[in-house]
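Just so it is clear, the structure is predicted and the values come from calculations on it, not from any experiment. All chains are named by letter (A, B, ...) in the order of the sequence lines, taking the proteins before the strands, and each is independently numbered beginning at 1.
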Number of protein chains: 2
Amino acid sequence: MATTKGPGTTGAGTETTTAGAATTAARATTAVGASGAPAAPAAPATGHRRGRPRSFDRDAALEQALRLFWEHGYEATSVADLTTAMGIRPPSLYAAFGDKRALFAEVVARYRESHGAYATRALAEEPTARAGVARMLREAAAQATDPDHPWGCLLITSTVNCTTPEVVEAVRELRNANVRALESRIRADVAAGHEPAGTDPAALAQFTATVLQGMSQRARDGAGRAALERVADDAMRIWP
Amino acid sequence: MATTKGPGTTGAGTETTTAGAATTAARATTAVGASGAPAAPAAPATGHRRGRPRSFDRDAALEQALRLFWEHGYEATSVADLTTAMGIRPPSLYAAFGDKRALFAEVVARYRESHGAYATRALAEEPTARAGVARMLREAAAQATDPDHPWGCLLITSTVNCTTPEVVEAVRELRNANVRALESRIRADVAAGHEPAGTDPAALAQFTATVLQGMSQRARDGAGRAALERVADDAMRIWP
DNA sequence: CGCGTTCTGTAGTGCTCGATATAGAATCTC
DNA sequence: GAGATTCTATATCGAGCACTACAGAACGCG
């Protein structure tokens, strides 16, 4: 075990411990389509109404699942690994999250809203596409090599060599959508005159995505933060 | 066969097509250390001496295994998948190749000598490091998107999310050794005055490796040859 | 209290994994 | 031919996989 991780750490930092908004089981189908569940309407969102209350922190358990999927990928993370790390037994996992696919879908959504949010944030907050990409690449270098969590990017690594086509396709589509969004942002900036006329949105988006995904792999191979920040800076030199 | 010497005795020659030079079972431990087999000295290199002859083409079977490992990775490729594709039964596979690990080690060696040889060749044949890297990146773009075989690079993808640490480590070391070799080549060129004084060998090697590994991932996500060749050309613009 | 509801732990389900015991078939040397 | 050797096919091994049937436990509600 523990090939790509930094110092273990159980995290446990941001736990809100709510259990308030936790649904009963099947959430949205989100990106990774679950089995075939019709997505029951369920209760009106508030905490449990009748019956034995859940004895574990759903949010904390989800965070543990995220770490595992991040480190070992979707397929190499077994339900037994998950239940052990989450501190629960299989029936509790299935009652709370549906099945492994649905749990992974929730993990992906959680990742995009937490550790993976830096990219969208950088593009949204910087005044120009160029500044946004520069910040995105530098933050990616820091993020991918952060010793507080597994190295690399969950969206990039977790479905590599996965034999469940639906899972692979769903996460791939998220990656490609990010590339398209980046291209759109650059194109809009060029149209608005914020970037030089010679700027090629498609090429820059493809190049940035390539560097970003390469940094994830390099981080997994042990490349350090400084080295990848240097790569990020170098990559910006191709901008016109 | 380039990487290692066999552990003493029997060079075993260089695998031609027929069953001629095929060894009995365990070959060199090569990069991916096999279980713990002492690698028997075996017969003096020439084809089988006594007993029932092998009924399948060892080389062709190895090629089929290469395709499978290339497409699905080490762990997601099952022995059942392998025997089906190779047209043999499990005992034949184990008799001819040792075990799954040893078969994968042979596949890796074969890949480096065939589809993966372009990189070393580009660096060796071009007069300068810069020209070598430019050619390497362009050929990588073509190679990674070639419809005649799985996309991406076997050395980069096949051990992602693999739970066998020895296999992961062995292939990772091959990747990192390639980065170091690239850096050495650039450094030698700078020392010889073939590259400008401002050239940073370590940074250029890291950047090139990042782009190269990113292209593999982008190819798996469907990026086309033209798009990746554009990325390769763009990447060269960071050279001083 | 009793009742319905929901969660939890034990203990499994059928399936696939990598690897092999065994016996028979095909080739060698003598 | 006899015997040794090596390969092949059938059938299977124990372990692990995702997942669940079942019964008891913990709650809200009447």
Side-chain angles (χ1 to χ4, degrees), chain A residues 1 19 22-26 32 34-37 40 42-43 46-58 61 65 68-69 72-84 86-104 161-164 166-167, chain B residues 19 22-26 32 34-37 40 42-44 46-58 61 65 68-69 72-84 86-104 161-164 166-167:
Chain A
M1 293 251 287
T23 65
T24 310
V32 183
S35 308
T46 61
H48 82 103
R49 317 202 355 126
R50 288 192 302 275
R52 180 175 177 175
R54 182 177 289 126
S55 64
F56 63 94
D57 185 338
R58 191 181 191 277
L68 252 62
F69 280 130
H72 305 295
Y74 173 75
E75 200 147 287
T77 303
S78 71
V79 172
D81 293 336
L82 290 165
T83 55
T84 298
M86 297 161 92
I88 60 179
R89 256 51 56 189
S92 298
L93 185 150
Y94 283 87
F97 300 100
D99 62 3
K100 189 184 173 186
R101 292 255 293 272
L103 171 58
F104 182 66
N161 294 324
C162 172
T163 60
T164 313
E166 296 87 350
V167 175
Chain B
T23 64
T24 310
V32 183
S35 309
T46 60
H48 80 102
R49 321 208 338 131
R50 289 194 302 275
R52 179 176 176 173
R54 181 177 291 127
S55 64
F56 63 95
D57 184 338
R58 191 182 190 277
L68 252 60
F69 280 128
H72 302 114
Y74 173 74
E75 199 147 287
T77 303
S78 72
V79 172
D81 293 337
L82 289 165
T83 54
T84 299
M86 297 161 92
I88 60 179
R89 255 50 56 190
S92 297
L93 185 151
Y94 284 87
F97 299 99
D99 62 2
K100 190 185 172 185
R101 292 256 293 271
L103 171 58
F104 181 67
N161 294 323
C162 173
T163 60
T164 313
E166 296 88 348
V167 175

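Counting heavy atoms from C-beta outward, A/E75 and B/E75 have side chains that stay 4.5 Å or more apart. Within the 4.5 Å cutoff, no side-chain heavy atoms of A/H72 are placed close to those of A/D81. At least one side-chain heavy atom of B/T83 sits under 4.5 Å from a side-chain heavy atom of B/L93.
Relative to the side chain of B/R50, the nucleotides C/dC17, C/dC28, D/dC19 differ in distance, and C/dC28 lies closest.
In this model, the phosphate group of D/dC7 is not approached by any side-chain N or O of B/S55 to a distance below 4.0 Å at OP1 or OP2.
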Measure all distances between protein nitrogen or oxygen atoms and nitrogen or oxygen atoms of nucleotides 24-26 of chain D, and list the pairs falling under 3.5 Å.
| from | atom 1 | to | atom 2 | distance (Å) |
| --- | --- | --- | --- | --- |
| D/dG24 | N2 | A/R52 | NH1 | 3.3 |
| D/dA26 | N3 | A/R52 | N | 3.4 |

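The two residues B/V79 and B/Y94 have their closest heavy-atom pair at CG2-OH, 3.6 Å. The two atoms that bring A/L68 and A/T77 nearest to each other are O-OG1, 3.3 Å, heavy atoms only. The minimum heavy-atom distance linking A/A76 with B/T163 is given by the pair CB-CG2, 3.6 Å. For the pair B/K100 and B/Y74, the tightest heavy-atom approach, listed with the atom from each and the gap, is NZ-O, 3.0 Å. Smallest separation of non-hydrogen atoms from B/S92 and B/F56: CB-CE2, 4.0 Å.
Counting to the nearest Å, the C1' atom of D/dT8 and the CZ atom of B/R54 are 12 Å from each other. Look at OH on A/Y94: it is 16 Å from C1' on C/dT8, rounded to the nearest Å. In this entry the distance linking CG of A/D81 with P of D/dC19 reads 14 Å, nearest Å. To the nearest angstrom, P of D/dT20 lies 14 Å from NZ of A/K100. Rounded to a whole Å, the CZ atom of B/F97 is 16 Å from the C1' atom of D/dT6. The distance from atom NE2 of A/H72 to atom C1' of D/dC17 is 16 Å, rounded to the nearest whole Å. D/dC7 atom C1' lies 13 Å from atom CG of B/L93, rounded to whole Å. In this structure, CE of B/M86 is placed 11 Å from P of D/dT8, rounded to the nearest angstrom.
When heavy atoms are screened at a 4.0 angstrom cut-off, B/T83 is found touching no nucleic acid atom at all. Contact annotation for A/T77: backbone-only contact, meaning every heavy-atom pair under 4.0 Å involves sugar-phosphate atoms and none involves a base.
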Heavy-atom contacts, protein to nucleotides 10-16 of chain D, under 4.0 Å, summarised as B (base), S (sugar-phosphate only) or - (none) per nt, yield B------
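At distances below 3.5 Å, at least one donor-acceptor pair connects side-chain atoms of A/R58 with backbone N or O atoms of A/A96.
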